[in-house]
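Only one structure is covered here, and it is reproduced in the block below.
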Amino acid sequence: MNDRTDGGLDRRHFLGAAAAGAAGLAAGLTGCDAEERNRFAPATGDQPSLTAERNRPGSPDWRLRSTGPPDAIAGYTDRVSVLPGEEFGLHVSTTAPGYRVLAYRVGWYGGAQARLVWRSDRLAGRRQRDPRLLPETRTVRADWPRSTAVRTDGWPPGAYLLRLDAEHGHQRYVPLIVRSAAAAGRTVLMHAVTTWQAYNTWGGYSLYQGEDGSYAGRSLAVAFDRPYDATGAEKFLVYERALVVLAERLGLPLAYTTSVDVHRDPAALHGASAALSLGHDEYWTPQQRDHVTRARDAGTNLAFLGANACFRRVRLESGPTGPLRTVACYKTDYRADPGFAAHREPPTHDFREPPAADPESALTGVFYEGYPTDAPYVVHAADHWLFSGTGVRPGDSFPHLVGVEYDRVTPEAPTPAELEIIAHSPLVCQGRSSHADSAYYTVPSGAGVFATGTMRWVEALMAGTADDGRDHGIDTRAGAFVTRTTENLLHAFAAGPAAKHRPAPRRNTGSVYGT
């Protein structure tokens with residue numbers, strides 16, 4: 001993000017076309033070659049437990065009823081993820097005399113969208129110390145003592161919301177990923193915890209602003225050892241949850257991980273059929289980028305379902321609760337970063353900027369261009385397989401689907417050769433006319449890579465529902481279009497390297513941009 005703080009298909013015919021397209025897609029998948037199916041077959045591991053989990057009844061009461069004042073109750077975990085059965089520490093501060101913790105796993109669950117997996121006994125409440133500010137980097141840490149230890153025995157892999165229920169009636173979430181032990185044969189959801197933390201203003205500071213609201217006073221490094229602001233899980237709820245619900249509803253073989261785990265483990269994506277970058281995934285380490293690129297080059301399909309992905313280069317450092325607990329990103333002050341100046345670490349600023357320039361478009365296919373904008377999404381290649389069953393025609397548009405940040409295919413930037421622009425949306429950003437692009441490309445391994453070019457894609461999955469909390473004016477027609485297109489994407493990418501069973505991209509950057 002910047003550091004400054006209709007077309008022609010009615011809904012009834014669209015849904016009919018979508019149903020017919022889904023049946024055709026299911027039939028088409030049965031024709032995949034047996035060797036390919038075996039190579040990307042799900043590992044045994046935890047997948048049977050996930051299948052059983054999806055058939056359990058849900059818990060519709062998972063949502064917050066009252067957040068109350070900021071100090072009513074808040075907490076954080078000492079690990080961003082755990083394997084099933086591992087323990088994590090929970091650090092909680094509350095003005096109530098007591099509270100309980102309820103662990104909800106997010107999924108479809110027949111429309112309930114979450115299930116209560118675990119509930120604590122009553123825990124004594126305590127108001128913890130004020131935040132600690134580290135002056136060298138303006139890093140805020142809570143540094144609260146551990147309130148309780150939680151073992152995750154019997155918790156299936158997935159995205160969890162720990163709900164803190166205080167006795168005075170106020171509540172907050174604490175997000176946690178129970179990660180999968182293996183990725184082989186699965187679609188991997190990479191939860192963007194480094195980006196969650198970059199925007200977190202709990203304690204008055206983020207990577208964007210200081211306590212006075214200024215960019216100059218911002219943190220140069222931010223810590224996981226503090227709660228998240230607002231509801232406690234805002235970035236997950238807005239930019240990620242709807243995709244989790246959809247993927248679970250489709251019954252795909254899934255694996256769960258985080259940006260920190262992909263950084264840490266070169267094998268985190270080994271053998272994965274696909275890896276998904278969700279709705280707002282801006283902050284990456286060089287190691288995460290390298291591991292994702294290597295996975296692509298070994299045949300793992302990639303999807304970038306937001307905009308502005310893989311834009312900032314960060315470094316992970318230790319904190320009081322362990323390694324990889326601090327996200328350093330000095331941005332325009334990268335020369336003052338001791339890791340860069342004294343230890344020859346890569347600069348922690350935009351990937352595209354020198355020194356060590358490595359624009360994100362070499363991986364994503366698209367180039368982040370601007371903020372803010374609000375524009376219709378305009379279909380270009382209506383016959384592309386991703387739009388199968390939507391009934392769209394060239395020039396059909398979906399109001400407000402492009403925003404608030406956007407990407408475009410930029411011929412002057414490093415751009416994969418085998419790339420097709422499938423949506424080309426005129427817009428105006430800060431008085432300048434441009435376009436947002438959805439693009440699809442393939443590489444020699446057979447992997448397909450799709451980028452939406454808009455940050456509102458995952459949000460649009462909730463359009464017209466009670467969960468559409470940020471009403472950008474995206475209507476149910478756009479929501480149905482995005483849902484069907486995403487279903488096409490997920491089914492195809494789950495079947496192995498897309499180039500081996502889907503049409504090749506038609507190189508059209510030159511004709512679209514006249515280069």
Side-chain angles (χ1 to χ4, degrees), residues 1-5 67 69-72 74-76 80 91 93 127-144 172-175 192-236 238-239 259-260 280-285 308 311-321 324-342 345-351 353 368 370-372 404-405 430 455:
M1 182 176 174
N2 191 298
D3 282 310
R4 295 179 316 97
T5 330
T67 56
D71 64 347
Y76 63 93
V80 298
H91 305 245
S93 177
R127 183 164 186 163
Q128 305 276 16
R129 53 166 286 172
D130 290 338
R132 178 185 178 193
L133 182 67
L134 307 183
E136 299 83 1
T137 55
R138 298 184 291 276
T139 300
V140 173
R141 291 202 319 238
D143 286 353
W144 297 337
R172 283 290 192 292
Y173 290 128
V174 179
V193 296
T194 43
T195 300
W196 301 355
Q197 198 53 251
Y199 284 85
N200 181 16
T201 58
W202 189 90
Y205 291 79
S206 72
L207 289 180
Y208 289 86
Q209 65 183 56
E211 197 167 33
D212 62 358
S214 73
Y215 174 74
R218 74 196 185 282
S219 294
L220 302 174
V222 287
F224 285 107
D225 290 302
R226 59 175 179 156
Y228 290 104
D229 57 11
T231 63
E234 201 73 9
K235 287 290 183 283
F236 169 79
V238 173
Y239 294 111
S259 51
V260 169
H280 194 180
D281 192 9
E282 182 177 348
Y283 288 78
W284 290 43
T285 67
N308 192 216
F311 183 67
R312 310 279 193 190
R313 182 192 285 119
V314 301
R315 183 175 63 251
L316 294 178
E317 300 175 338
S318 63
T321 54
L324 311 181
R325 295 292 292 173
T326 303
V327 182
C329 190
Y330 281 64
K331 300 186 180 179
T332 50
D333 290 331
Y334 72 88
R335 292 179 184 85
D337 179 359
F340 173 74
E345 296 277 355
T348 54
H349 64 358
D350 302 353
F351 271 105
E353 296 294 336
Y368 173 65
Y371 157 92
V404 58
E405 302 189 60
Q430 298 185 36
M455 194 169 282

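These numbers come from a predicted model, not from an experiment. Values below: every heavy atom of this structure, side chains too, minus hydrogens, waters and symmetry copies. The first residue in the sequence is number 1, and the count goes up from there.
Atoms NE2 and OG1, on His349 and Thr332 in that order, are 10.0 Å from each other to the nearest 0.5 Å. Between the CH2 atom of Trp284 and the CZ atom of Phe311 there is a distance of 14.0 Å, given to the nearest 0.5 Å. The CZ atom of Arg141 lies 9.0 Å from the OH atom of Tyr76; values are rounded to the nearest 0.5 Å.
Donor-acceptor pairing under 3.5 Å is lacking for the side chains of Tyr228 and Glu234. Neither side chain, Thr195 nor Tyr239, offers a donor N or O lying under 3.5 Å from an acceptor on the other.
Taking 4.5 Å as the limit, every side-chain heavy atom of Asp337 sits out of range of all side-chain heavy atoms of Leu220. Within the 4.5 Å cutoff, no side-chain heavy atoms of Val327 are placed close to those of Val193.
Contact between His280 and Asn308 at its shortest, heavy atoms only, is NE2-OD1, 4.5 Å. Residues Arg218 and Asp333 come closest through the heavy atom pair NH2-OD2, 3.2 Å. Across all their heavy atoms, Leu207 and Ala221 have their closest contact at CD2-N, 4.0 Å. Across all non-hydrogen atoms, the minimal contact from Arg313 to Cys329 is O-SG, 3.7 Å. Counting all heavy atoms, side chain and backbone alike, Asp71 lies closest to Arg127 at OD2-NH2, 3.0 Å. Listed here is the closest heavy atom pair of Gln209 and Thr201: NE2-CG2, 4.2 Å.
Using a distance-only test at 3.5 Å, with no hydrogens or angles considered, no donor-acceptor pair links the side chain of Thr67 to the main chain of Thr231. Panel note: side chain Thr139, backbone Leu134; no donor-acceptor pair is recorded below 3.5 Å. Not a single donor-acceptor pair under 3.5 Å links the side chain of Ser93 to the backbone N or O of Ala74. When atom types are taken as modelled, the side chain of Arg129 and the backbone of Trp144 share no donor-acceptor pair closer than 3.5 angstrom. The backbone N or O of Ser259 lies less than 3.5 Å from no partner atom in the side chain of Thr194, so there is not a single donor-acceptor pair. Looking only at distances, no side-chain donor or acceptor of Arg315 sits under 3.5 Å from a matching main-chain atom of Glu345. Judged purely by atom type and a 3.5 angstrom limit, Glu211 has no side-chain atom pairing as donor or acceptor with the backbone of Tyr205. Listed for the Arg226 side chain is a donor-acceptor partner under 3.5 Å among the backbone atoms of Asn200.
With Tyr330 as the partner, the side-chain contact (heavy atoms from CB on, under 4.5 Å) test is satisfied by one option alone out of Pro347, Ser219, Pro338: Pro338.
Using a 4.0 Å cut-off between charged side-chain N and carboxylate O, Asp350 and Arg312 make a salt bridge.
Taking the side chain to side chain donor-acceptor pair (under 3.5 Å) definition, one finds that Arg132 meets it with Asp143, sequence neighbours left out. Applying the side chain to side chain donor-acceptor pair (under 3.5 Å) rule to Asp225 yields the partners Thr321, Arg325; only residues at least two apart in sequence or on another chain are considered.
In this structure, Lys235 forms a cation-pi arrangement with Tyr199, its terminal cationic atom sitting closer than 6.0 Å to the ring centre and no more than 45° off the ring axis.
Between Tyr334 and Phe340, the angle of the ring planes goes over 60°, which puts this pair in the perpendicular group of the 30/60° scheme.
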